[in-house]
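What follows is a single structure, written as structure tokens, with notes after it.
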Amino acid sequence: MSPRYEPKEIEPRWQQRWAEARVFSPQDDDPRPKKYVLEMFPYPSGSGLHLGHASNYTIADVIARYAWMKGFKVLHPMGWDAFGLPAEQYAIEKRIHPSQAVEENLRNFKGQLTLLGGSYDWTRELSTTDPAYYRWTQWIFLRLLERGLAYQAEVAVNWCPALGTVLANEEVIDGKSERGGHPVVRMPMRQWMLRITAYADRLLEGLDRIDWPENVKQMQREWIGRSVGAEVVFRVEGAGEFKVFTTRPDTLFGATFCVLAPEHPLVARITTDAQRATVSAYVEAAGRKSDRDRMADAKEKTGAFTGAWAVNPATGAKVPVWIADYVLATYGTGAIMAVPGHDARDWAFARAFGLPVVEVISGGDVTKAAHEGEGTLVHSGFLDGLPVEEAKARMTAWLEAKGLGTKAVRYKLRDWLFSRQRFWGEPIPVLHRADGTTVPLPDDALPVTLPEVPRYEPTGTGESPLAGVDAWVNTRDPRDGAPARRETNTMPGSAGSSWYFLRYIDPRNAAAFCDPAKERAWMPVDLYIGGTEHAVGHLLYARFWQKVLFDLGLVSTDEPFRRLFNQGMVVAATYRDAEGRVYPREAVETADGATRVKATGAPVTTTLEKMSKSKKNGVGIDEAVARYSGDAVRLAGLFLGPPDAEKEWTPNAIEGPWRFLLKAWRLLVGDEDGPGVPLTDAPATGALRKAVHRAIDGITKDMEAIAFNTAVSKLMVLLSELQGANPLPRDAAEAFVTLLAPFAPHAAEEMWAALGRAPFVSVAPWPVADPAALVDDTVTLAVQVNGKVRGDVTVAADAKEADVLAAAKGVENVRKHLEGKAIVKEIVVPKRLVNFVVR
RNA sequence: GCCGAAGUGGCGGAAUUGGCAGACGCGCUAGGCUCAGGACCUAGUGACCCUAAUACGGUCUUCCGGGUUCAAAUCCCGGCUUCGGCACCA
């Protein structure tokens, strides 16, 4: 065997040995404590994995490997989130079946992940598109249906004509589809919904019990958007009444008009004949506007007077009732009381239409702007003189006593739109019987599998392509044989990903989605790793399903992810010309401070953007591994910067880590000129021993803190210490290889073998630093005069303060700066510095 | 507009949470090796001043301006910039 570093030969060999020996497959009867380390499973797209993914997966892998070495049995599985739009789009483009597209992409992804030497338990691999898996997605749906948490409704949905489907709110950005940027319009349609709003309070409360980044918790809190206030009844003269929701019941005396959403059911009834034409025109115009247009018009207030007057229950005064599209039909009661003195939106509306503004809270100037802050109630009858908070409580109590209103809580969170008019998703396991009833299929009829169809492009009519497959659609109710049609909507991509972490625990169970004993043994996930882009989508849905399963007694914990870690994305230079065309790095050159396209000389702008194929700024994993090695790619991704920060990839980011690997290899294994440095069994002493233990101590702390960039740097420092020793003490060499193992596992295994140790260093015990080796006998302190460093002094670590001061004063350059001055203060910071304050 | 995070050499980034700013790496410079180039090895490398000197020494420097302190990248006040999230939610 050549002692040269030949990654192409050694890396596949170790990958195979790990798999054969099932090194990373935890056994249920293993008595060691468990650690469940999970990264958000990938969506296997056609473009494959680039170095941005590599960096993310390496972070999780290092954590999992470290846990093994710390003596845990570790569950670190991998699978595929393969249903949904992108796979279907890709298949349509390539004119192949989605299942075939998924299979190809999945094989490609797995191959690329393997190149990096991830410590995955591949025996637990799963795909959301596997009928054996989605059978249980459908099963959970039936439980939701039984509990009344799944229902059908005619709702205004985001219909995207280009994609031929309905999209969730978070899939729509600025009135365009998140994928593809196609226009989206509002349109009523029959849809399946999940009643996530029923869990709003519990989803909020649970956040206080989990170790997640504060910004993600905050995003979820804002998304749920809990508001406490009151519902107040306004009577309309001669036409019944309507309710408004307000968080500021204290300002009721200042409500000088009311505004209904254009879609409010009362609008037609209360509008006077004189106003009917104006109102109808406004309602119609508002209905035509997409959300996008409404947003674009947000700055200008528009509206129309209905001609109706309502009674302010506090003042008894008649107030005009308007309609305006700044009031949303879908929030609160779809109607508001307008308090222009203390609400900026109402103020703007009042100003636009010349409506009266009344001050009811002192402290501002309501003729210039709405005063939304604190103050004392004025012009408010029995509330006068009270502070805001007290006035809210007093007014709410008064309304309740008079039967004019109640305390109320409202949420921004909407129910989860759970159906898609597409082929590539889990069929919703429901039948529409000929007698007009809609019934769930019995559990033993699951899974409802997708048919093989020649055509699966969207129909564009709002119906799923499944609707056209007569043989599949027309069926019989298995209970009584009555004719029925299958539900043709499918589930959204976020269905299968809402519970997959449970399936990894018991992936082949045909009798249950997961064995309860195994579930208790492994849940919750100890560390969940993924990007912030899922902060309010996936992470909220998964928490919701988990709580439902918990309520059904099917799982042991109501929060699935104990700790969440957000890894930062990897960005790279993107080159764009004036027309917006992108160019790969090789196609541009920089000269005289300007970057131009090599071929045409056209100037390009350079921006840092997330790596992706479409921006031509990514580097494929295969490519990088072929040129360097899997270990080098791992090290480079980690060394780039802090795992939770955005990191910039440049072509030579890999050079340093690569050279480090070569140096370590040459030292411990050798090169074409011969074997590595001779070893000695005599233990390391002196400075070398200190260096080893300092590295163990520092790297261990970095591992716990997930600070891998500095851990790699400490490995580099330790290596250069080792390079100074000949012969090299075996214990020092072994410590280095053990510390290296989570980061560069293939090379570490090979070095471990070269040191004569039996495999596998990947699961060898993590070394422990000897505290005695960390203390120094002497310390060097900086000596400052008036805060400026003038020299340094080396003293015994346990030197007395007086001796330290004496020694510091003896330093020549310090003496020069002290000469002729009076010392007014002497500061000694043990082991750090001495500071003389002089005058 | 509101909320949150961050601004440190030519570049990516360190800094025990108030104690020698710039670890480690890239790049660059010089030397070695080589027919040569690459690779590799060794050394140097924040800016400015003093200097024959890369010695000795000095001044400045963590986005900008103030402040607290013996001491500030770190704490406080004001401002600027960048990046995320929300965006008529009453």
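Throughout, protein chains are lettered first and strands after them, A, B, ... in sequence-line order, and every chain is numbered starting at 1. Small disclaimer: the values here were computed from a predicted structure and weren't measured.
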Self-check item: Rounded distance [0.5 Å steps], CG in A:Asp631 versus CH2 in A:Trp665
Solution: 9.5 Å

Exercise. Measure the distance from CG on A:Leu252 to P on B:A90 and round it to the nearest whole Å.
Key: 17 Å

Quiz item: Near RNA chain B, which residues from residues 811-818 of chain A have a heavy atom under 4.0 Å away?
Solution: A:Asn813, A:His817

Quiz prompt | Between B:G32 and B:G37 - P atom distance, rounded Å | solution = 12 Å

Exercise. Check every strand shown and say whether A:Arg410 touches a base, only sugar-phosphate, or nothing at a heavy-atom separation below 4.0 Å.
Key: nothing

Quiz item: Which of parallel (below 30°), tilted (30 to 60°) and perpendicular (above 60°) describes A:Phe353 and A:Trp322?
Solution: tilted

Quiz item: Given the C1' atoms of B:G44 and B:A55, what is the spacing between them in whole Å?
Solution: 15 Å

Sub-3.5 Å pairs of nitrogen or oxygen atoms, protein against nucleotides 72-76 of chain B:
none

Practice problem: Rounded to the nearest angstrom, tell me the gap between atom NE2 in A:His534 and atom P in B:G84. | Solution: 17 Å

Exercise. Compute both the distance and the angle, then confirm whether A:Lys301 meets the cation-pi test with A:Tyr326: under 6.0 Å from the six-membered ring centre, within 45 degrees of the axis.
Key: yes

Exercise. Could you measure between the two C1' atoms, the one in B:U69 and the one in B:C80, and give it in whole Å?
Key: 26 Å

Quiz item: Does B:C83 have a Watson-Crick or wobble mate here (both distances under 3.5 Å), and if so which one?
Solution: B:G4

Quiz item: Expressed in whole Å, how much space separates the C1' atoms belonging to B:G22 and B:U61?
Solution: 11 Å

Quiz prompt | A:Thr574 versus A:Asn617, side-chain donor and acceptor atoms under 3.5 Å | solution = yes

Exercise. For each nucleotide in nucleotides 27-34 of chain B, reading 5' to 3', give B when a protein heavy atom comes within less than 4.0 Å of its base, S when such contact involves only the sugar-phosphate, and - otherwise.
Key: S-------

Self-check item: Listed nucleotide nearest any side-chain atom of A:Lys301, set B:G25, B:C88, B:A90
Solution: B:C88

Quiz item: Given B:C60, B:C24, B:C88, which nucleotide is nearest the side-chain atoms of A:Met716?
Solution: B:C24

Quiz item: What closest approach, in Å, do A:Leu635 and A:Ala744 show between heavy atoms, and which atom pair accounts for it?
Solution: CD1-CB, 4.2 Å

Quiz item: Looking only at atom P, what distance separates B:C77 and B:U68, rounded to whole Å?
Solution: 15 Å

Quiz item: What is the nucleic acid contact for A:Arg790, judged by heavy atoms within less than 4.0 Å: base, sugar-phosphate only, or nothing?
Solution: sugar-phosphate

Quiz item: Taking CD from A:Glu231 and P from B:A90, how many angstroms apart are they, rounded to a whole number?
Solution: 13 Å

Quiz item: Once you round to the nearest 0.5 Å, how far does OH of A:Tyr411 lie from CG of A:Asp201?
Solution: 3.0 Å

Quiz item: Does the A:Thr333 side chain pair with the main chain of A:Lys243, one donor and one acceptor, at a distance under 3.5 Å?
Solution: yes

Exercise. Output the distance between atom CH2 (A:Trp658) and atom CD (A:Glu655), rounded to the nearest 0.5 Å.
Key: 9.5 Å

Quiz prompt | C1' gap between B:A39 and B:C33, integer Å | solution = 11 Å

Practice problem: Decide if atom NZ of A:Lys610 counts as having more than 12 heavy atoms of other residues, nucleotides or ligands within a radius under 6.0 Å. | Solution: no

Quiz item: Which part of the nucleic acid, if any, lies within reach of A:Lys663 when heavy atoms closer than 4.0 Å are counted: base, sugar-phosphate only, or nothing?
Solution: sugar-phosphate

Practice problem: Ignoring backbone atoms, test whether A:Tyr326 places a side-chain nitrogen or oxygen under 4.0 Å from the OP1 or OP2 oxygen of B:A90. | Solution: no

Quiz item: Do any N or O atoms from the side chain of A:Arg634 and from the backbone of A:Pro742 form a donor-acceptor pair under 3.5 angstrom?
Solution: yes

Self-check item: Euclidean distance for C1', B:A21 against B:U74 (whole angstrom)
Solution: 11 Å

Practice problem: Calculate the interatomic distance between A:Leu638 atom CG and B:C24 atom C1'; express it in whole Å. | Solution: 14 Å

Quiz prompt | Where A:Gly530 and A:Met40 come nearest, the two heavy atoms and their spacing | solution = CA-SD, 3.6 Å

Exercise. Can you tell me the pairing partner of B:A43 across any strand shown, Watson-Crick or G-U wobble, with both distances under 3.5 angstrom?
Key: B:U29

Practice problem: Could you please name the partner base of B:G38, counting Watson-Crick and G-U wobble pairs only when both distances are under 3.5 Å? | Solution: none

Quiz item: Can you find a donor-acceptor N/O pair under 3.5 angstrom joining the side chain of A:Lys714 to the base of B:C24?
Solution: no

Self-check item: Value in whole Å for how far the P atom of B:C83 lies from CD of A:Glu533
Solution: 18 Å

Quiz prompt | Base partner of B:C75, which must satisfy Watson-Crick or wobble distances under 3.5 Å | solution = B:G67

Quiz prompt | Atom pair CD1 (A:Ile323) and CG (A:Leu260), whose distance is rounded to the nearest 0.5 Å | solution = 8.0 Å

Quiz item: Can any side-chain N or O of A:Asp671 pair as donor or acceptor with the backbone N or O of A:Arg666 at less than 3.5 Å?
Solution: no

Exercise. Determine the contact category for A:Lys217: base if any of its heavy atoms lies under 4.0 Å from a base atom, sugar-phosphate if only primed atoms, P, OP1 or OP2 are that close, otherwise nothing.
Key: nothing

Quiz item: Do A:Phe257 and A:Phe349 have their ring centres less than 6.0 Å from each other?
Solution: yes

Quiz prompt | Where at least one partner belongs to residues 690-704 of chain A, residue pairs that pass side chain to side chain donor-acceptor pair (under 3.5 Å), sequence neighbours excluded | solution = A:Tyr66-A:Glu704, A:Arg689-A:His693, A:Asp697-A:Lys701, A:Thr700-A:Trp766, A:Asp702-A:Thr710, A:Asp702-A:Lys714

Quiz item: Over how many whole Å does the gap from A:Phe660 atom CZ to B:A39 atom C1' extend?
Solution: 19 Å

Practice problem: Report the base-pairing partner of B:U16 (Watson-Crick or G-U wobble, both distances below 3.5 angstrom), or none. | Solution: none

Quiz item: Expressed as a whole number of Å, how far does the P atom of B:C64 sit from that of B:U81?
Solution: 15 Å

Quiz item: What is the base-pairing partner of B:A53, counting Watson-Crick and G-U wobble geometry with both distances under 3.5 Å?
Solution: none

Exercise. Name the residue closer to the 5' end of RNA chain B, choosing between A:Val712 and A:Gly332 according to the nucleotide with the nearest heavy atom.
Key: A:Val712

Quiz item: What residue pairs, at least two apart or across chains, pass salt bridge (charged side-chain N to carboxylate O under 4.0 Å, His left out) with a residue in residues 327-343 of chain A?
Solution: A:Asp343-A:Arg345

Quiz item: A:Trp658 CH2 to B:C24 C1': how many Å, rounded?
Solution: 20 Å

Practice problem: Take atom CD of A:Gln220 and atom P of B:G4, then tell me their distance rounded to the nearest Å. | Solution: 18 Å

Quiz item: If you take all heavy atoms of A:Leu718 and A:Leu739, which pair is closest and at what distance?
Solution: CD2-CD1, 4.0 Å

Self-check item: Nucleic acid footprint by protein, nucleotides 11-23 of chain B - heavy-atom cut-off 4.0 Å, B for base, S for sugar-phosphate alone
Solution: -BSS-B--BB--B

Quiz item: Using the purine O4'-C1'-N9-C4 or pyrimidine O4'-C1'-N1-C2 torsion, is B:G32 syn (within 90° of 0) or anti?
Solution: anti

Quiz item: Does A:Arg221 have a side-chain nitrogen or oxygen under 4.0 Å from the phosphate oxygens OP1 or OP2 of B:G85?
Solution: no

